[in-house]
Number of protein chains: 2
Amino acid sequence: MSSLVEAAAPSLNISQRPAANSQPWQGYSLYFEILSRHSPLSITNRETLTELQQAPRRFKKGSVIKNHELNTKYVLAIQNGWACSCRVTEEGKRQIIDLYLPGDIVGLRDYHAGGRFDEVIMLTEGLVIPMHKSQLDLGMQKDHSLVNAVLATSMHQCNIMADRLNNLISHDATTRIAYFILELHARLNLARGEIQELTLPVSQQVIGDLLGMTNVHVCRCLSQLEFQGLLTRDKESRNIRILDYAALLTLAEFNTSYLYSCRVDNPRASRPLNPH
Amino acid sequence: MSSLVEAAAPSLNISQRPAANSQPWQGYSLYFEILSRHSPLSITNRETLTELQQAPRRFKKGSVIKNHELNTKYVLAIQNGWACSCRVTEEGKRQIIDLYLPGDIVGLRDYHAGGRFDEVIMLTEGLVIPMHKSQLDLGMQKDHSLVNAVLATSMHQCNIMADRLNNLISHDATTRIAYFILELHARLNLARGEIQELTLPVSQQVIGDLLGMTNVHVCRCLSQLEFQGLLTRDKESRNIRILDYAALLTLAEFNTSYLYSCRVDNPRASRPLNPH
DNA sequence: CGAACGGTTGACAAGGGTCAAGTTCGGTGG
DNA sequence: CCACCGAACTTGACCCTTGTCAACCGTTCG
């Protein structure tokens, strides 16, 4: 079972780079949007979180944005792009164990462990907004509702992982792919807008690494889903259009979409994550 | 891929049963022990947590101790025995997605979701200590160090799940079993005492459900590990004795034992979880 | 232009599932 | 005490799913 994320590209510690001179992110609080999704936060928190978050940083595909010595004191909010966390074996192979999409926070899982565990790598180019852990800690001490928001967000990530585990254990390859597509569809909050099109901006090799199968078989399974009339693909753009949503749900036994739902008064899809 | 936990046995809502008259658990705080493992807690927390925790309850194997309507307002600490959480499909099949051992806290994952997600079932007979969520919330508001402890404990569980995911994705069946045994060995904190013997108090069917394989193949893989001289089994007691710990580690690529380590000043193995 | 990468396809092999029969053991009832 | 039963484990035969290896094609990029 092979597992390769692209060889690590050069990366920078966030603290090495001071805030840029133009500050278009000022006044926009990605953290507030993310954290208030699962637990109500007052407008005061919005101001606090806006102050705490640092300048967005752009990373290239393949950049290591976090490991045992890089950004251990930061959590990172993904504003744009996909990232994954990997376990690195002694032989240097990387096994993808978690996937981060726009609107996810990276670094909660080893928040209290000094960030020792995983390496986080950009799967695409993207924008990342750092926040210093100690400042988030201070924020939580000042306002307890922030504690609940952080806890709820962490648990939400944990539930997504439980779902993936469920998917891996109980489904065969084709079904796993179908489930994965529906998971992305839900996490990207496309279900709410009844948008039936999404992009998988990664290679079939990466999809295989995520789902515990080979790139060859990913290709076969996708072809089969297409053959069955459940979806169509555009190879160039890596777009997928879901043709028969209901049939996909049935096939994948995907009935946990509620896991990914946000609070009703703060729909994720209705507001673009990138304000520029 | 079949998945069956024994048919649900009768179960009681914890609140239906007042504290017993004799109270041997008084003064003993399982929650303090668990929560202080990953983040330092003051002795004040010990008293608080001791007050908050309710009378231990004994459950039979197969009891449902938590679901969408049962104990939704409680977290449960496992003092004794094994439990698992399951996703229930529409056809009523149960898929095990998480395993709880003595010293684990049940109900953190859907803490903020009203406990809607999983059903938790005893895999063996066991003792469970409930605590009302709202009281834990109050405790966290009073003392911020408790927040860190709860967060760290949650994240620890999340990391264990990430490890299981890693195991499922990257290993074949025999290796998965080896990894699973090492995971248990580490989580039960036997590594510290260099104890090479442990008990799997569940059927091979359940092990298969946990690892995404059939009971038949679990049997074959265990036999093979025994044949290779890595361990011996006692069928009656369901005991396993590890003969070649180093070889098992190598085979399973298990190098994450640090994940399960407790704080040095509070070793889990040195103090029995059941004070009676 | 050629190299590198990602996707596709085919032939073949191996890992693991399925089914069925047999075994052991503990519990139950006569 | 023995007969019977069910649960769990074991083993063998067979077959399907998936991995492996290789060739080929289209695109992109230097």
Side-chain angles (χ1 to χ4, degrees), chain A residues 1-7 9 60-62 93 95 123-125 167-178 180 199-228 231-240 251, chain B residues 1-7 9 60-62 93 95 123-125 167-178 180 199-228 231-240 251:
Chain A
M1 218 169 272
S2 68
S3 70
L4 348 155
V5 176
E6 291 78 11
K60 285 191 297 188
K61 169 180 170 182
K93 275 193 303 181
Q95 175 56 51
L123 290 170
T124 70
E125 190 201 19
N167 182 24
L168 285 170
I169 290 183
S170 37
H171 298 318
D172 67 359
T174 310
T175 322
R176 277 211 294 276
I177 299 250
F180 176 64
T199 305
L200 309 185
V202 294
S203 70
Q204 292 179 351
Q205 172 73 53
V206 170
I207 298 174
D209 287 352
L210 278 162
L211 299 177
M213 51 203 279
T214 58
N215 55 347
V216 177
H217 209 58
V218 169
C219 178
R220 284 196 274 242
C221 293
L222 279 172
S223 301
Q224 203 197 332
L225 289 174
E226 191 166 19
F227 176 75
Q228 291 175 343
L231 48 83
T232 55
R233 289 179 292 162
D234 179 51
K235 188 184 157 188
E236 315 310 323
S237 63
R238 282 163 163 170
N239 261 5
I240 286 185
L251 172 68
Chain B
M1 217 171 275
S2 68
S3 70
L4 350 154
V5 176
E6 291 78 11
K60 284 192 297 188
K61 170 180 167 180
K93 275 193 303 182
Q95 174 57 52
L123 290 170
T124 69
E125 190 201 19
N167 183 23
L168 284 171
I169 290 183
S170 38
H171 297 317
D172 67 1
T174 310
T175 321
R176 277 211 294 274
I177 298 251
F180 177 65
T199 305
L200 310 185
V202 293
S203 71
Q204 293 178 351
Q205 173 73 53
V206 171
I207 297 175
D209 286 352
L210 277 162
L211 299 177
M213 51 203 279
T214 59
N215 55 347
V216 177
H217 208 58
V218 169
C219 177
R220 285 196 271 244
C221 292
L222 279 172
S223 302
Q224 202 197 331
L225 289 173
E226 190 166 21
F227 175 76
Q228 292 176 343
L231 48 83
T232 56
R233 288 180 293 161
D234 180 51
K235 188 183 159 188
E236 316 310 324
S237 63
R238 283 165 161 169
N239 262 5
I240 285 185
L251 173 67

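The chains referred to below are lettered A, B, ... by the order of the sequence lines, with proteins before strands, and numbering in each begins at 1. Because the structure is predicted, anything quoted here is derived from the model rather than measured.
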Note to self: Under the rule for side-chain contact (heavy atoms from CB on, under 4.5 Å), what residues qualify as partners of B:Cys219, not counting sequence neighbours?
What the structure shows: B:Gln204, B:Ser223
Next item on the list: Determine: side-chain N/O of B:Arg233 to OP1/OP2 of D:dT10, distance under 4.0 Å, yes or no.
Entry: yes
Next item on the list: Nearest whole angstrom, please: distance from the P of D:dG19 to the CG of A:Leu211.
Entry: 11 Å
Note to self: In whole Å, I'd like the distance from the CG atom of A:Asn239 to the C1' atom of C:dG7.
What the structure shows: 16 Å
Note to self: Going by the rule side-chain contact (heavy atoms from CB on, under 4.5 Å), which residues pair with B:Val202 if we only count those two or more places apart in sequence or in a different chain?
What the structure shows: B:Trp82, B:Leu123, B:Val206, B:Ile207
Next item on the list: Write down the atom of A:Gly212, the atom of B:Ile169, and the distance for their closest heavy-atom approach.
Entry: CA-CG2, 3.6 Å
Item checked: Minimum side-chain heavy-atom gap B:Leu211-B:Val218 below 4.5 Å -> no
Check: Can you list the residues that meet the side chain to side chain donor-acceptor pair (under 3.5 Å) rule with B:Gln228, with sequence neighbours excluded?
Finding: none
Margin query: With a cut-off of less than 4.0 Å, is there a side-chain N or O of B:Gln204 near OP1 or OP2 of D:dT10?
Written below: yes
Margin query: Let me check the geometry of the helix from C:dC1-D:dG30 to C:dG30-D:dC1. What is the bend angle between the axes at its two ends, five pairs each, to 10°?
Written below: 30°
Check: For the pair made of CG in B:Leu222 and C1' in D:dA8, what is the distance, rounded to whole Å?
Finding: 13 Å
Which atoms of nucleotides 14-16 of chain C (N or O only) lie under 3.5 Å from a protein N or O atom, and what are those distances?
from	atom 1	to	atom 2	distance (Å)
C:dG16	OP1	B:Ala173	N	2.7

Checklist line | Nucleotide D:dA7, atom P - distance to CG of B:Asn215 in whole Å | finding: 14 Å
Note to self: Let me spell it out: for each of A:Glu236 and A:Val218, pick the nucleotide of DNA chain D with the closest heavy atom. Which residue's pick is nearer the 5' end?
What the structure shows: A:Val218
Notebook entry, point to check: Is any side-chain heavy atom of B:Cys221 closer than 4.5 Å to a side-chain heavy atom of B:Met213?
Noted result: yes
Next item on the list: Nearest whole angstrom, please: distance from the C1' of D:dT10 to the CD of B:Gln224.
Entry: 15 Å
Next item on the list: Using side-chain contact (heavy atoms from CB on, under 4.5 Å) as the criterion, list what pairs up with A:Glu226, not counting sequence neighbours.
Entry: A:Leu231, A:Thr232, A:Arg233
Next item on the list: Report the nucleotide, chosen from D:dT11, C:dG7, D:dA8, that has the shortest atom-to-atom distance to any side-chain atom of A:Cys219.
Entry: C:dG7
Item checked: For atom CG of A:Leu123 and atom C1' of C:dG6, their distance in whole Å -> 15 Å
Next item on the list: Give the rounded distance in Å between these two atoms: CG of B:Leu200 and P of D:dA8.
Entry: 15 Å
Notebook entry, point to check: Counting side-chain heavy atoms from CB outward, which of C:dT9, D:dC9, C:dT18 is closest to B:Val216?
Noted result: C:dT18
Next item on the list: Could you pull out all residues at least two apart from B:Thr124 that satisfy side chain to side chain donor-acceptor pair (under 3.5 Å)?
Entry: none
Margin query: I'd like to check the side-chain contact (heavy atoms from CB on, under 4.5 Å) partners of B:Asp234; sequence neighbours left out, ordered by chain and number.
Written below: B:Glu236, B:Ser237, B:Asn239
Checklist line | Length of the NZ-C1' vector between B:Lys235 and D:dT11, whole Å | finding: 12 Å
